[in-house]
Amino acid sequence: MNEVLSKPIGIFDSGLGGLTVLKELKLTLPHESFIYLGDTARTPYGSKGYETIVRYSKECANFLINKEIKLLVVACNTASSLALDVLRSQVACPVIGTINEAVNQAVEISKRKKIGVIGTDATIASSVYQERIKSLSLDVEVFAKSCPLFVPLVEQGMFDGEIVDKIVELYLKDFKDKEIDVLILGCTHYPLLKDAIGKYLGLSVNIVECSRAIANEVGGLLSAGSKKANVPKQKTAGDIYYITDGVSRFNQLAQVFLGYDSVSAAKIEL
Ligand code: DGL
C-alpha cells in the first residue's frame with residue numbers, strides 16, 4: 001500500500017473525552033489506523049491558563065507528529081479554542097479541530113434561533129463558539145455556560161446517578177427559561193453525560209456533539225488529498241493508545257465505552 005495511505009491518524013485530548021471522537025472516526029473510517037493520546041496526568045485542561053493549555057497542546061501534538069501521522073485531530077475543545085492556530089502554524093500535516101462543523105450544524109438546525117453552548121472554563125471564556133455562531137448568523141441568541149465539574153465526573157467514570165443529575169441541574173437550570181432549541185456540547189467529555197443532560201433538558205432541545213462532524217471533515221479531507229486508506233487494516237495492527245497516567249482506569253473505561261474486549265494503553269511522559 002502507498003506509504004502515506006497506511007500512516008495512522010493522530011488524535012489527542014486531555015483524557016477520556018477524545019474517545020467520543022475516536023469512536024465516531026472508527027465507525028466512519030474503518031480502514032484507518034489511529035494513535036490516541038490522552039494526557040490524563042494533566043487533565044483537566046479547561047481550568048488552566050492560556051500559556052499552559054498551548055504548551056500542553058504542543059507537547060501532545062509533537063508526540064504524535066513523531067509517530068509519523070498523516071493527520072492530527074485535536075479532539076479537545078479547550079485545545080481547539082486556544083491552541084489550534086499555533087498548532088497549525090507548527091505542524092506539517094493537516095490539523096482538524098472540534099468547533100466549526102459543530103457550530104455549522106447547530107445554526108442550521110436551530111428554528112428558534114436560540115442556541116446554548118456548554119464547555120470548560122477556558123473554552124467558554126475564549127468566546128470562540130459565541131463568535132463563530134455570530135459570524136454565521138447575527139440574529140441567533142447565544143447562551144454560554146461553563147460546567148467545570150463535568151470533566152472530573154467523566155474521568156471518574158460517573159456518567160449517571162443522583163450526583164450527576166444534581167450537577168447537571170446546577171449548571172443547566174439557567175437554560176430552562178431561555179427557550180433554547182439546540183445545545184452544543186462544546187467539550188468532548190460531555191457526550192458521556194448526554195443521557196443525563198438530555199433527560200434534564202427534555203426532547204425540545206437538540207443536542208449537538210462535534211464527533212460526527214469531525215469524522216465527516218476528516219473523511220472529506222483524506223479523500224480530497226487522496227490519503228484515505230483503501231484496504232481493510234490488518235486485524236492485528238489495532239489502534240494504539242498512550243496516556244500519561246492512570247492506565248488501569250483508562251483501560252477499563254475505554255474498553256466499556258468503545259465496546260472492545262480489551263484496550264491496553266501504554267503510559268508515557270510528555
Ligand atoms: N475534553 C476536553 C474538551 O473538549 C478537555 C476537558 C478538560 O480537560 O478540561 O474541552
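These numbers come from the heavy atoms of this one structure, side chains and all, not from hydrogens, waters or symmetry mates. Counting starts at 1 for both ligands and their atoms, following the listed order.
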Search all heavy atoms of [X] against all heavy atoms of [Y] and return the closest pair with its distance.
| X | Y | value |
| --- | --- | --- |
| Tyr36 | Leu19 | OH-N, 3.3 Å |
| Leu72 | Cys93 | N-SG, 3.8 Å |
| Ile180 | Phe143 | CG2-CD1, 3.6 Å |
| Val164 | Met158 | CG2-O, 3.7 Å |

Using a heavy-atom cut-off of under 4.0 Å, does the side chain or the backbone of [X] touch ligand 1, or both, or neither?
| X | answer |
| --- | --- |
| Thr188 | both |
| Asp13 | side chain |
| Pro44 | both |

Q) Who's the nearest protein heavy-atom neighbour of atom 7 (C) of ligand 1, and how far? A)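 Closest protein heavy atom to atom 7 (C) of ligand 1: Tyr45 N, 3.3 Å.
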
Q: Would you check if the side chain of Lys48 reaches a backbone N or O of Arg42 as a donor-acceptor pair within less than 3.5 Å?
A: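 Yes, because the side chain of Lys48 sits within donor-acceptor range (under 3.5 Å) of the backbone of Arg42.
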
Going by the order shown, which atoms of ligand 1 are within less than 4.0 Å of some heavy atom of [X]?
| X | answer |
| --- | --- |
| Thr43 | 8 (O) |
| Ser14 | 5 (C), 6 (C), 7 (C), 8 (O) |
| Gly46 | 7 (C), 8 (O), 9 (O) |
| Thr78 | 3 (C), 5 (C), 10 (O) |

Q) Name the one of Thr43, Thr78, Thr188 that satisfies side chain to side chain donor-acceptor pair (under 3.5 Å) with Ser14? A)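 Going through Thr43, Thr78, Thr188 one by one, the side chain to side chain donor-acceptor pair (under 3.5 Å) with Ser14 is satisfied by Thr43 alone.
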
Q.
Please check whether His189 reaches ligand 1 - meaning an N/O of the residue sits under 3.5 Å from an N/O of the ligand, judged on distance alone.
A.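 Yes - when backbone and side-chain N and O of His189 are compared with those of ligand 1, one distance drops under 3.5 Å.
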
Q. Without hydrogens or angle criteria, can the side chains of Asp121 and Ser47 be said to hold a donor-acceptor pair below 3.5 Å?
A.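 No, no side-chain donor-acceptor pair sits under 3.5 Å.
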
